[in-house]
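Excluded from the calculations below are hydrogen atoms, water molecules and symmetry mates; all remaining heavy atoms, backbone and side chain alike, are included. Residue numbering restarts at 1 for every chain, and letters A, B, ... go by the order of the sequence lines. Because the structure is a prediction, the values reported are computed rather than measured.
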Number of protein chains: 2
Amino acid sequence: MATISKENYLKAIYTLGEGNSKLVSSTSLAKELNVSKAAISEMASRLAGQGFIDYKKYKGIKILSKGKKLAISVIRKHRLWELFLVDSLGLSWDEVHNEAEKLEHCTTDFLIDKIDEHLKFPKTDPHGDPIPNKNGDFRTVWNDMSMKECVENKSYSIVRVNDRSDDFMKYLSKIKFLLNKEFIVIEKLAFDGSLKIEIDKIKHMLSEKIIENIFVREIKN
Amino acid sequence: MATISKENYLKAIYTLGEGNSKLVSSTSLAKELNVSKAAISEMASRLAGQGFIDYKKYKGIKILSKGKKLAISVIRKHRLWELFLVDSLGLSWDEVHNEAEKLEHCTTDFLIDKIDEHLKFPKTDPHGDPIPNKNGDFRTVWNDMSMKECVENKSYSIVRVNDRSDDFMKYLSKIKFLLNKEFIVIEKLAFDGSLKIEIDKIKHMLSEKIIENIFVREIKN
DNA sequence: CAAATTATTTAAGTATACTTAACTTTACTC
DNA sequence: GAGTAAAGTTAAGTATACTTAAATAATTTG
């Protein structure tokens, strides 16, 4: 049985392992899931016993195809819910993450496929992350760049954000820094890595901590 | 903390106790929740300890205002989800009960209020059951009658059904016997309590077991 | 390369939510 | 009112998913 806990462990292992390439350590998993390292050891043994992961004591965790399948299915549910809540229920993008975090665990494949269909099989969620299709394939090709690489006097649009904390999302909403929104880089400050940008004719200073979590696409005119 | 189990226990206690009037027995609860009678004793002690119910050993269970509040909140979530899935996602009424049974436990008050608003504060769900408002009040006045009381050559419309089993709901869907649908009683057979009705110009025989779970309103012309 | 530090696991204990089996209470019948 | 059947509880045990504290393995550093 795939309980809520197991689904969250597998999602975290999949994310931290970046697909299935990297080994995931107990410490990083414990931090991600907000549980003790002892809890990780225990659950790792259980998940390994059920064929979801490969677990070598003191070495690390690697997701197996069975675990990957479940993780992607949960991610798919999460992202489709987020988009659905924004598009069909009018929630704002900083409100949907926590709701989707719960809904992803109590949605049947039947229902999520109906939602996928209703949204006309979208490719990305409201944060710009790709939505896997029914078969678990991410078809979107990454062609974005970190906002850190932006140069002065060029226009960009925001393609993806990499943080879901309330504070971060709420700040972006407040300055109307939404997905696909265009902005111009006015000034780049070398000494602290911060960026002065103009959006909707209003200028904002963004710290390095903010911009390293934002991914953009250059707009060529 | 209100876990999924606790929510289901309170929902069942509220339903079997018909609001808060009747004492609920361990046996009936065990049957409703598909667990052993021993499990009922244990959970009853826990719920009583937390002030959700009044529990007198060997006597029975009675819901308290704290428990009633939680039960109604879960029922509200269930019924709003059902209507939402039918109205906004196009699921059929026999598909929504099982989905709502899961979603009701992982929906915040914030989200369900958004759904309520989106549906324009509906009064009944797709089975005709009343939806409590944000304050927990059921405002709908019951003016339906059991289908058993139907008489020959009169027209009725279906107002509410009292069973959520897949077989029952699928059969009603199949013969297009949907909420608010009009039908005429052609013949009433006294010996087995069955009813011959006409719906969309097609005649159907409905057994007593079916009609006792259907509630109707007479259409006067 | 040995010592120290960090990472990880094991052990023991807790809470929830179940089970079956044994026992007790209540209700019913003669 | 005693005997019995049904209803309900208690006791003991299980699985999941955590915790803290102690022990062990791996890695880093002098």
Side-chain angles (χ1 to χ4, degrees), chain A residues 1-17 22-63 66-67 70-71 74 101-102 104-106, chain B residues 1-18 22-64 66-67 70-71 74 101-102 104-106:
Chain A
M1 271 271 46
T3 64
I4 293 177
S5 273
K6 273 187 208 166
E7 290 187 349
N8 282 329
Y9 273 78
L10 288 170
K11 198 171 57 148
I13 293 165
Y14 178 80
T15 308
L16 294 174
K22 273 170 54 182
L23 269 178
V24 179
S25 71
S26 294
T27 308
S28 62
L29 243 189
K31 207 171 285 174
E32 175 78 14
L33 293 166
N34 263 303
V35 295
S36 66
K37 283 182 280 180
I40 302 297
S41 293
E42 199 192 68
M43 184 62 110
S45 302
R46 220 195 320 265
L47 290 173
Q50 293 164 0
F52 289 109
I53 60 169
D54 189 35
Y55 171 47
K56 295 223 169 40
K57 280 182 188 171
Y58 296 104
K59 296 296 178 188
I61 292 165
K62 212 172 170 182
I63 205 155
K66 185 180 172 188
L70 213 152
V74 175
E101 203 66 19
K102 304 182 93 197
E104 66 188 11
H105 304 294
C106 46
Chain B
M1 271 273 43
T3 62
I4 293 177
S5 272
K6 274 187 207 165
E7 290 187 348
N8 282 329
Y9 273 79
L10 288 170
K11 201 172 56 149
I13 293 165
Y14 177 80
T15 308
L16 294 174
E18 289 161 27
K22 272 170 53 181
L23 270 179
V24 179
S25 71
S26 294
T27 308
S28 62
L29 244 189
K31 207 171 284 177
E32 175 78 12
L33 293 166
N34 261 303
V35 296
S36 67
K37 284 183 279 180
I40 301 297
S41 294
E42 198 192 67
M43 184 63 110
S45 302
R46 219 195 322 265
L47 289 173
Q50 293 165 359
F52 289 108
I53 59 169
D54 189 35
Y55 171 47
K56 296 222 170 37
K57 281 181 187 172
Y58 297 103
K59 297 294 177 190
I61 292 166
K62 212 172 170 181
I63 205 154
L64 293 177
K66 186 180 171 187
L70 212 151
V74 175
E101 202 67 18
K102 304 183 93 196
E104 66 187 10
H105 305 295
C106 46

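- Checked against C:dT19, C:dT16, D:dT16, the side chain of A:Arg46 finds its nearest nucleotide in D:dT16.
- Atom OH in B:Tyr58 sits about 13 Å away from atom C1' in D:dA6, given to the nearest Å.
- Here A:Ser26 lies in heavy-atom contact (under 4.0 Å) with sugar-phosphate atoms only.
- Residue A:Ala39 places its side chain closer to D:dC18 than to any other of D:dT10, D:dA21, D:dC18.
- Residue-level contact check: A:Ser41 touches the bases, meaning some heavy atom is under 4.0 Å from a base atom.
- Regarding A:Asn8, its CG atom lies at a distance of 10 Å from the P atom of D:dA17, rounded to whole Å.
- The shortest distance between the side-chain N/O atoms of A:Thr27 and the OP1/OP2 oxygens of C:dT6 is not below 4.0 Å.
- Rounded to an integer number of Å, the gap from A:Ile4 CD1 to D:dC18 C1' is 15 Å.
- Atom pair B:Leu23:CG and D:dG8:C1' shows a separation of 14 Å (rounding to whole Å applied).
- Using a 4.0 Å cut-off, no side-chain N or O of B:Ser5 falls inside it from OP1 or OP2 of C:dT16.
- Between A:Glu7 and A:Glu104, the closest side-chain pair of non-hydrogen atoms is not below 4.5 Å.
- Shown here for B:Leu29 and B:Ala12, the closest heavy-atom pair between the two residues is CD2-CB, 3.6 Å.
- For the pair A:Ile13/A:Leu47, a side-chain contact is recorded, criterion being any heavy-atom separation below 4.5 Å from C-beta on.
- Rounded to an integer number of Å, the gap from A:Ile40 CD1 to C:dA11 C1' is 18 Å.
- For B:Ser25, no side-chain nitrogen or oxygen approaches OP1 or OP2 of D:dA7 to under 4.0 Å.
- Counting only residues at least two apart or in different chains, salt bridge (charged side-chain N to carboxylate O under 4.0 Å, His left out) contacts with residues 30-48 of chain A comprise A:Glu42-A:Arg46.
- In this structure, OH of A:Tyr9 is placed 13 Å from P of D:dT16, rounded to the nearest angstrom.
- Base contact: A:Ser36 has a heavy atom under 4.0 Å from a base atom.
- Here the shortest heavy-atom pairing between B:Ile53 and B:Ile63 reads CG2-CA, 4.2 Å.
- The nucleotide whose nearest atom lies closest to any side-chain atom of A:Thr3 is, among C:dC18, C:dT9, D:dA17, D:dA17.
- Rounded to whole Å, atom P of D:dA26 lies 15 Å from atom NZ of A:Lys37.
- Computed from coordinates, the B:Glu7 CD to C:dT16 C1' distance equals 15 Å when rounded to whole Å.
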